[in-house]
2 protein chains.
Amino acid sequence: MTNASSGLAVLADPTRRLILERLADGPQAVGELARGLPVSRPAVSQHLQALKSAGLVRDQAVGTRRVYQIDPAGLGAIRAWLDQFWDRAFDSFQAEVESEKKE
Amino acid sequence: MTNASSGLAVLADPTRRLILERLADGPQAVGELARGLPVSRPAVSQHLQALKSAGLVRDQAVGTRRVYQIDPAGLGAIRAWLDQFWDRAFDSFQAEVESEKKE
DNA sequence: ATGATGCGTTAGTCATGACTTACCGTAAGC
DNA sequence: GCTTACGGTAAGTCATGACTAACGCATCAT
């Protein structure tokens with residue numbers, strides 16, 4: 001699923017954000033990622049699974065290796081939610097300031 | 001702390017997002033919020049505490065009630081992180097597409 | 001002063017999830 | 001064929017955190 005809810009839940013974990021930051025510099029295989037991270041390879045695998053089902057990464061088999069890269073669609077959904085939320089909050093924020101002025 | 005890390009961690013919880021959505025329509029007191037939510041009032045209090053320490057809401061004492069409203073600053077930090085991350089990811093994504101075209 | 005309302009806090013329970021170890025399947029190299 | 005690298009999966013442990021019930025404190029009304 002590629003909605004903001006699952007995306008935000010996935011972005012909550014610091015290790016998962018680390019993985020995304022690595023992938024933001026270019027595609028990488030699971031082993032490469034694990035070598036640069038403070039957790040085991042299976043842990044990375046599980047995080048990648050979570051990121052994938054949230055639509056934040058794509059994977060591609062290359063021989064025996066499996067290369068992951070960021071999927072912009074997932075990030076877009078989160079940005080959209082945040083932007084829509086921001087607009088709404090800011091509107092009511094200003095409306096509140098206005099109504100307080102009149103008193 | 002008002003950085004993206006704490007903000008994202010706080011946004012991960014669905015109940016907390018519900019609270020924020022309510023507050024996006026205007027300031028509200030704790031009891032009002034709790035009445036419209038599927039959890040107890042103490043739970044709402046604790047969530048508000050988490051939201052407050054992440055810089056996402058402000059509170060204001062009004063008599064015996066305590067009115068909460070969204071603090072735009074916290075949301076801004078998260079948006080900034082996401083935007084910066086999105087740009088970086090999209091660049092390397094396009095670069096990858098380009099390099100694949102040439103093969 | 002007394003009662004009532006509104007909230008924060010504490011203690012304790014329970015579920016979730018992040019992690020490791022061990023294992024299994026698969027693709028490449030000798 | 002056999003072995004070796006790579007990665008997903010299963011099982012089990014442990015910490016975190018979301019929640020409720022109970023309590024205490026402050027503010028307003030009578």
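Remember, predicted model here, so these are calculated numbers, not experimental data. Per chain, numbering begins at 1; letters A, B, ... match sequence-line order.
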- prompt: Within the structure shown, what part of the strands sits under 4.0 Å from B/A29 by heavy-atom distance: base, sugar-phosphate, or nothing?
  reply: sugar-phosphate

field: Along DNA chain C, first and last positions that approach a heavy atom of chain A under 4.0 Å
entry: C/dA18 to C/dA28

Side chain proximity check, B/L56 to B/L11, heavy atoms < 4.5 angstrom: yes

field: Pairwise 5' ranking along DNA chain C for A/T15 and A/G63, keeping only the more 5' one
entry: A/T15

- request: Return yes if some donor-acceptor pair links the side-chain N/O of B/R17 with the main-chain N/O of B/A12 below 3.5 Å, else return no.
  value: yes

query: Looking at A/E32 and A/R22, does any basic side-chain N land under 4.0 Å from a carboxylate oxygen?
result: no

- prompt: What are the two closest heavy atoms between A/L82 and B/L82, and how far apart are they?
  reply: CD2-CD2, 4.2 Å

- prompt: Which of residues 37-48 of chain B sit near DNA chain C, with a heavy atom under 4.0 Å from it?
  reply: B/R41, B/P42, B/S45, B/Q46

query: Is there a side-chain contact between A/R88 and B/D25, using heavy atoms and a 4.5 Å cut-off?
result: yes

- prompt: Over how many whole Å does the gap from A/R66 atom CZ to D/dG8 atom P extend?
  reply: 6 Å

d(CD, B/Q49; C1', D/dC19) in whole Å: 16 Å

- request: Answer yes or no: is there a side-chain heavy-atom contact under 4.5 Å between A/P27 and A/Q60?
  value: no

Less than 3.5 Å apart, which donor and acceptor atoms pair up between the side chains of residues 34-51 of chain A and the rest of the protein, not counting sequence neighbours?
unit_1	atom_1	unit_2	atom_2	d
A/S40	OG	A/A43	N	3.4
A/H47	ND1	A/R16	NH1	3.4

task: Measure the distance from CZ on B/R16 to C1' on D/dA18 and round it to the nearest whole Å.
output: 8 Å

query: Any ion pair linking B/K52 and B/D71 (charged N to carboxylate O, less than 4.0 Å)?
result: no

message: Whether A/Y68 contacts D/dG8 is assessed here as follows: a side-chain N or O lying under 4.0 Å from the phosphate OP1 or OP2. Is that the case?
response: yes

